[in-house]
Amino acid sequence: MPELPEIEVLRRSLEPHLPGDRIVRVEVRNRELREPVAVRALVRLAGRAILSLRRRAKYLLIDLEGGRTLVVHLGMSGRLTLAPGALPPEPHEHVALHLASGRKLRLRDPRRFGLVLALPTAGLERDPHFARLGAEPLDPDFGGSTLARAAAGRRGPVKSFLMDAGVVVGVGNIYASETLFRAGVHPLRSVGRISAARWDRLAAAAVAVLRQAIAEGGTTLNDFADGQGRSGEFQVSLAAYGRQGEPCPRCGHLIRRLVQAGRSTFYCPHCQR
DNA sequence: CGGGCGGCCTGGAGGC
DNA sequence: TGCCTCCAGGCCGCCC
């Protein structure tokens, strides 16, 4: 479910509540995630204070004292929420961090594509999960030339390119469709046939879409919620994603759906060339 | 070697 | 109501 905006919304929703609190007990209820939960590494986090919350790509990073970072990835269906510690576990609750404040931070993930890791804070970027990640689209130096440089010598459709985390992180299926719509670029256009001006438009569109989605609390199609359980609103602002058969908000032609690399892509056949 | 596809899971929606 | 099929926001690994 969650792409960059949803993880950033989650991070911001937890930011006022977690730093300064302390993990008193780690409860692993179900180890089955994308990688089996490393129970002993997690249990060793008990007793540590929470220092800060960061985000890299679609990973939430919870920095703890003693040089450890708890890494959480929500996969498709993960939810990380704060709850009273005495609340009974919800279905598919995999991990709960019981906090000194009496609350618990719990991870629920029905489809089990998510991930929880305890890693050393130093050198995190060299961990295999992070080592090959590309540019952060919200970094100030991200722009059309970032994309153009990454595209040099590559082939294939621009939509798959935008979703390649080795190029630019955080853009998943929803925001790739929305970025292409805003930039007026057809999803099947080959990356070898995109001008510098078009790369600039694509980069600017990606940044604008991601920023607006964050401002509107993320996209809740089914089950995204922030750390307080609040849904997002950006689904109302989606121009193309999920709107096949509806009129394009710009020109009125009907939005179409096509399948690329096994994923649905939504576009306007008139605005996107 | 890079690109594309299947597979991993469960649940919800829609058709019959 | 119930059963069946299809589809879903991510990511990895295998295949060509």
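Numbers restart at 1 for each chain; the letters A, B, ... are given by sequence-line order, proteins then strands. Just so you know, these numbers come straight off a predicted model, no measurement behind them.
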Let me know, please, whether A/Arg111 or A/Asn222 comes out on the 5' side of the other along DNA chain B by nearest nucleotide.
A/Arg111
Pick from A/Glu93, A/Glu27, A/Glu90: which one makes a salt bridge (Lys or Arg N to Asp or Glu O under 4.0 Å) with A/Lys104?
A/Glu93
Within the 4.0 Å heavy-atom criterion, would you say A/Arg257 contacts the bases, only the backbone, or no part of the nucleic acid?
sugar-phosphate
When you compare B/dG12 with C/dC11, how far apart are their C1' atoms, in angstrom units rounded to a whole number?
22 Å
Could you check whether A/Arg103 and A/Ser101, counting side-chain N and O atoms only, form a donor-acceptor pair closer than 3.5 Å?
yes
Interatomic distance at P, C/dC6 relative to B/dG6, whole Å:
14 Å
Figure out the CG/P separation between A/Asp223 and B/dT10, and round it to whole Å.
15 Å
Taking A/Tyr267's backbone N and O only, do any of them form a donor-acceptor pair with A/Arg256's side chain (distance below 3.5 Å, no angle check)?
no
Using atom names, set out every protein N or O paired with an N or O of nucleotides 2-6 of chain B below 3.5 Å, distance rounded to 0.1 Å.
from	atom 1	to	atom 2	distance (Å)
B/dG3	OP1	A/Arg154	NE	3.2
B/dG3	OP1	A/Arg155	N	3.2
B/dG3	OP1	A/Arg155	O	3.1
B/dG3	OP2	A/Arg154	NH2	3.2
B/dC5	OP2	A/Ala261	N	3.3

Proximal nucleotide (of B/dC9, C/dG9, C/dC11) relative to the A/His73 side chain
C/dC11
In this structure, which one of A/Arg48, A/Arg56, A/Arg54 forms a salt bridge (Lys or Arg N to Asp or Glu O under 4.0 Å) with A/Asp63?
A/Arg54
To the nearest Å, give me how far apart NZ (A/Lys58) and C1' (C/dG9) are.
8 Å
Value in whole Å for how far the P atom of C/dC11 lies from CD1 of A/Ile7
9 Å
Using centres under 5.5 Å plus planes under 30 degrees as the test, is A/Phe113 stacked with C/dG10?
yes
Measure from the side-chain N and O atoms of A/Glu178 to the backbone N and O of A/Ala240, and report whether any donor-acceptor pair falls under 3.5 Å.
yes
Given 3.5 Å as the limit, does a donor-acceptor pair link the side chain of A/Thr265 with the main chain of A/Val259, or not?
no
Under 4.0 Å from OP1 or OP2 of B/dT10: is there any side-chain N or O of A/His92 that close?
no
Atom-to-atom span, CZ of A/Arg112 to P of B/dG7 - whole angstrom
18 Å
Rounded distance (Å) that lies between atom P of C/dG13 and atom NE2 of A/His129:
9 Å
According to the Watson-Crick and G-U wobble definition with distances under 3.5 Å, which dot-bracket string, read 5' to 3', encodes DNA chain B, using [ ] for crossing pairs and | for pairs with another strand?
.|||||||.|||||||
Determine the contact category for A/Tyr175: base if any of its heavy atoms lies under 4.0 Å from a base atom, sugar-phosphate if only primed atoms, P, OP1 or OP2 are that close, otherwise nothing.
nothing
A/Arg22 CZ to A/Leu99 CG distance, which is reported to the nearest 0.5 Å:
11.0 Å
Has A/Arg263 got a side-chain N or O lying under 4.0 Å from the OP1 or OP2 atom of C/dC7?
no
note: A/Leu117, atom CG; C/dG10, atom P; distance rounded to Å ~ 18 Å
Length of the CD-C1' vector between A/Glu35 and C/dC12, whole Å:
10 Å
Measure the distance from CE on A/Met76 to P on C/dG10 and round it to the nearest whole Å.
6 Å
Tell me whether the OP1 or OP2 atom of C/dG9 has a side-chain N or O from A/Ser77 closer than 4.0 Å.
no
Between the main-chain N or O of A/Asp141 and the side-chain N or O of A/Asp139, is there a donor-acceptor pair closer than 3.5 Å?
no
With side chains defined as the heavy atoms from C-beta onward, is the minimum distance between A/Leu51 and A/Thr121 less than 4.5 Å?
no
Residue from A/Leu60, A/Asp109, A/Leu107 passing side chain to side chain contact (heavy atoms under 4.5 Å, CB included) with A/Leu74:
A/Leu107
